[in-house]
Structures are given as C-alpha cells and as structure tokens.
Amino acid sequence: MAHGHKSNDEEKVIFVGDSRVRKGSGFITPPDYTAYPGKSEAFIPNFLLKEWMVGVVVLVGILVLTISEPAPLGYPANPSASVIPMPDWYFLFLYQYLKYPYASGDYVLLGVLGVSGVAFGALLLAPFLDTGKERRFYKRPIASALMLLSVISVFYLTNVAWTHYKHELEASGQKPEHIQREEEALEKHEQGLPTSNAPGQQQEEVAIVDKDDPAMEAYKKAGCIGCHATDMKGQGNAPSLRGVGDKHSQEEIVTIIKEGYNGMPPMYDQAIAQGVTDEEITHLAEWLAKQKAEQ
C-alpha cells in the first residue's frame, strides 16, 4: 500500500498480489480417510468386510434354495427321439432371421456375415458418427429411430419364431420336454411324492412283475423296447412302464396300443407287422396292467 502526499480525500490505495507458486516436491499424497470423519472409512478391513458379509448372505440364500428345491434333471439323451430343435429364448430372433430366403440357402453368407457385419459395424461406429452434444432422445431422431427399430425387430422376430414353434408342435403332436416334466411334477405333487428328479430325491425303483412271463417276448417282438427300453425304464421322451398298472387298466392299455397316447403313435399295426397276434397283444396288455408299484 502506497501513501502519497495528497489529502485523505485523494488518497489512492494500491494492492500488490504475489503470483509466485511454490515448486512441487513430487507426488502429492491424497488425504487419508480420517480427514473426512463420518463420510469415509478404511477400505481394509471395514469396507471389504461389509462386502464379504453381503456376499456370504447372498451365497447362503442361493444354497438354501438349491437344497430345498433342486433343479429338475432332464430326460436321458435319446438320439432316435423325434424333436423340433429350438435355441434358447435369447437367440430366437436370430433363429427366425436365418429362416428368411435372403439369409439362408444360396444367401447364407450374406445373412451370416453381410447383414450381421453391417449391424455390428454400425454399432461400433455409432460413437464416432453421432458426435452431437445433445443427449435427450427426442433431440437425436436418427439414433433414437435406429434404436427403436432394433428393439421392435428383436421382439417381432422372437414372437414369430415362438409362434411358429408352437404350431409345429401342434401339427406333429409332440409335447416339449419341459411341459412333460411340469406335468410329471404336478402329478407327483398330487400324490405327495417329491417333485424333483434329482438323485437325492429319487423314489424307490419299481420292480418288473412276472419278468419271465411270455408277454415279455411279445413286448420285445412288438418293438416296444425301441422306446421303453429292455428294462422298461423308458428313454428319451418315452415314459417308464414300471408301475404303469397304477395309472392304466388293461382296456386302457389296449386302447393306447391301437390309438396312441400323449404323443405316442399307434403301435398296433407295427406289432402285427412284426408277427405279434391279437392274443399276444391282449396278453401283453394284461401283463402290463399287472406292473404296479405294490403287489
């Protein structure tokens, strides 16, 4: 502050600032968490311990769920089974897309690499092409329109693929494996039995009644072993015939052989073609009706 020789009314005050900056001495250590009392804590062990405890609670919850109701096991693989292949639900839109003429057949290379490559390339270049500062979707019509078009296309193709799959099932008379498992689980629940097929909850094996009965030869001769196996435990989508007498009477079994049942085609003509007589079929149905869990 400088003082002149003028009167007090004309006195002039001058402020002089110091612009010098202290030279840095290297890496500046950030303040410790203790510099923020009540707002921070030590990462080890305080914060990390809390994260571990949350993880343990979630893990224990998952373990309790898996122990109380194990995941159902699917049927054994059967290479001779007639099934309609379907991908997982999140690939249904691609599955339907590859059915179209311009994405399959002679144009499969275009469908697999061309269209998919353009879509992936557009997604990859989107941050470089859309360089506007506006972030509200209604102020970005091109990007928003492409996004909505993509979402609508995925939903449309997924719905078309699933609808076509259900129509194929109805036309072929097949029943998906997960539906069969649900029906079996419901039937077991009504009988008070475990609904899971997990090894720890398998019910006791039902023995074959009168294994040396001549009907066993008719069973093999008629070709029943192709689906229900030699040990009558079934394979693939074919159910076990052990204990079938608890579900069906002799007359019902004869009707099933002649007319089919639950996705099973009629087997009467095939049995006759294999040299099985009507008397043997009747005796086979009688023998199968004896296959009960309790004798």
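Just so it is clear, the structure is predicted and the values come from calculations on it, not from any experiment.
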Tell me if a side-chain donor or acceptor on T131 pairs with a main-chain N or O of P127 at a distance below 3.5 Å. no

With a cut-off of 6.0 Å (strictly less than), are more than 12 heavy atoms of other residues, nucleotides or ligands near NE2 of H283? yes

Of all heavy-atom pairs linking Q174 and I84, the shortest is OE1-N, 3.9 Å

Can you list the other members of the hydrophobic cluster that holds I257, where links are side-chain heavy atoms under 4.5 angstrom apart? I208, M216, Y219, I225, M232, L241, V244, I253, Y268, I272, V276, I281, L284, W287, L288

Write down the atom of A289, the atom of Q250, and the distance for their closest heavy-atom approach. CB-N, 3.7 Å

Take a 6.0 Å sphere around OH of Y165 and say whether it holds more than 12 heavy atoms from other residues, nucleotides or ligands. yes

We want to know whether H228 and K233 form a side-chain donor-acceptor pair, criterion being a heavy-atom distance below 3.5 angstrom. no

Taking K290 for the side chain and G245 for the main chain, is one N or O donor matched with an acceptor at less than 3.5 Å? no

Would one find more than 12 heavy atoms of other residues, nucleotides or ligands at under 6.0 Å from atom CG of D106? no

Answer yes or no: is there a side-chain heavy-atom contact under 4.5 Å between L98 and V112? yes

Examine distances only and state if a side-chain atom of E252 and a backbone atom of S249 form a donor-acceptor pair shorter than 3.5 Å. yes

Judged by atom type as modelled, is there a donor-acceptor pair below 3.5 Å linking the side chain of Y97 to the main-chain atoms of G111? yes

Report the hydrophobic cluster partners of L148, with the cluster defined as I, L, V, M, F, W, Y residues connected by side-chain heavy atoms closer than 4.5 angstrom, directly or transitively. M147

Would you mind reporting whether M267 and K258 have side-chain heavy atoms less than 4.5 Å apart? no

Is the count of non-hydrogen atoms from other residues, nucleotides or ligands lying under 6.0 Å from K99 atom NZ greater than 12? yes

For F93, does its backbone N or O pair with a side-chain atom of Q96 as donor and acceptor, under 3.5 Å? no

Any donor-acceptor N/O pair, S144 side chain to F137 backbone, under 3.5 Å: yes

Taking everything shown except I142 itself, do over 12 heavy atoms lie less than 6.0 Å from its CD1? no

Can you say whether the rings of Y100 and Y102 are parallel (under 30°), tilted (30 to 60°) or perpendicular (over 60°)? parallel

When you measure from the side chain of T163 to the backbone N and O of V160, does any donor-acceptor pair fall under 3.5 Å? no

Judged by atom type as modelled, is there a donor-acceptor pair below 3.5 Å linking the side chain of R242 to the main-chain atoms of K292? no

In one Ile/Leu/Val/Met/Phe/Trp/Tyr side-chain cluster, 4.5 Å: L59, V64: no

In sequence, state the C-alpha distance, the side-chain angles, and the governing distance for R136 and E134, and then conclude on salt bridge (charged side-chain N to carboxylate O under 4.0 Å, His left out). CA-CA 6 Å; R136 287 171 287 189; E134 187 61 56; 2.8 Å; yes

Main-chain N/O of L65 paired with S68 side-chain donor or acceptor, under 3.5 Å: yes

